[in-house]
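Here's the structure we're looking at; comments come further down.
We number each residue from 1, following the sequence as shown. Each ligand, and each atom within it, is numbered from 1 in the order the structure gives. These values consider heavy atoms only, across backbone and side chains, with no hydrogens, waters or symmetry-generated copies. Source: prediction; values computed, not measured.
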Amino acid sequence: MKQTKVWLVISVAMCVLALSLACSKGPDTNKAEEPTAAAGQTYSGPKGTVTGTVAFNGTPPAPKKIDTAADPVCGQKNPTLSTEDTVVKDGKLANVFVYVKEGTTADGKKIGDFTWATPTTAVVLDQNGCHYKPHVLGVQVNQKLSITNSDPTQHNIHWTPTVNPEWNQSQPNGAPPIEKSFSRTEVLVPVKCNQHPWMRAYIGVLKHPFFAVSSEDGTFTISGVPAGTYTVVAWKEGGAGTEKTMQVTVPANGSVKADFAFGEGASAGAPSSLQVLPAIEFPMLHRH
Ligand SMILES: [Cu+2]
């Protein structure tokens, strides 16, 4: 009887040890966050939209033609290759990463505490004409990023994050797509190519899907945002990046405008004007 007990204690101890070893070897290096009221919950309340335009004030720097002598294949495929750090058309700025940084839903919960489903579709980052397409992009934590090489030459993707692991891999012409993901929030991860020093991309990694990149006409739309009040950030590359922030209140089933401006004399974004359409609902009324 006593011997049985001893064996029971030993086997339980072994199980605990095995379990802890298995856990410590796991690929997930995310530290658990402080539990709160909304921790682990999925959001199911009313939603709205953040939409806006990113302007560039003053005369934008002219794109510079890139010297592709390092790889003649690039010059052949893309003879007009030029810098993409400030892409302006009719005073509107492309490639600005806009995202909901923090804030509180209409029912008083921190948006950062909710759990959001990981999309099953991969985001594609293509190397085409010896530059990255898109130049700025967003993915959710653990969402698949499919890196493709559409060029008749070799690339070497090399990202240099701060909180995610660094990664560096060659992708010869004709090689299959490489699938990667990021396990931690990071805005933004710089990407370069070891073969072609001019190549740059920036990847915003968020645990939620509330981000967008301004298109060629400067517009962006972030939909499905829980009704609530948030800090929205617009990020433009250049040096360590430039950020503009704005407070917005997203109405239930409506839309709020968040217009940003970069360039000469641009301070924070203009104060947002509330556009409620079509159902007029005020989030505070839903507080119970
Ligand atoms: Cu390259």
- Item | Ionic contact status for D151 with K77, cut-off 4.0 Å | yes

- Give me the ring orientation class for F210 and W116: parallel if the planes are under 30° apart, tilted from 30 to 60°, perpendicular past 60°. perpendicular

- With respect to the Cu ion (ligand 1), what is the nearest N, O or S atom of H196? ND1

- Result for side chain to side chain contact (heavy atoms under 4.5 Å, CB included) between L137 and one of L125, N95, V124 points to L125

- Query: Which is the closest N/O/S atom of H155 when seen from the Cu ion (ligand 1)?
  - Reply: ND1

- Item | Aromatic plane relationship, F182 with W159 - under 30° parallel, 30 to 60° tilted, over 60° perpendicular | tilted

- Query: Is the distance between the Cu ion (ligand 1) and the nearest N/O/S atom of C193 smaller than 2.8 Å?
  - Reply: yes

- Within M199, is some N, O or S atom less than 2.8 Å away from the Cu ion (ligand 1)? yes

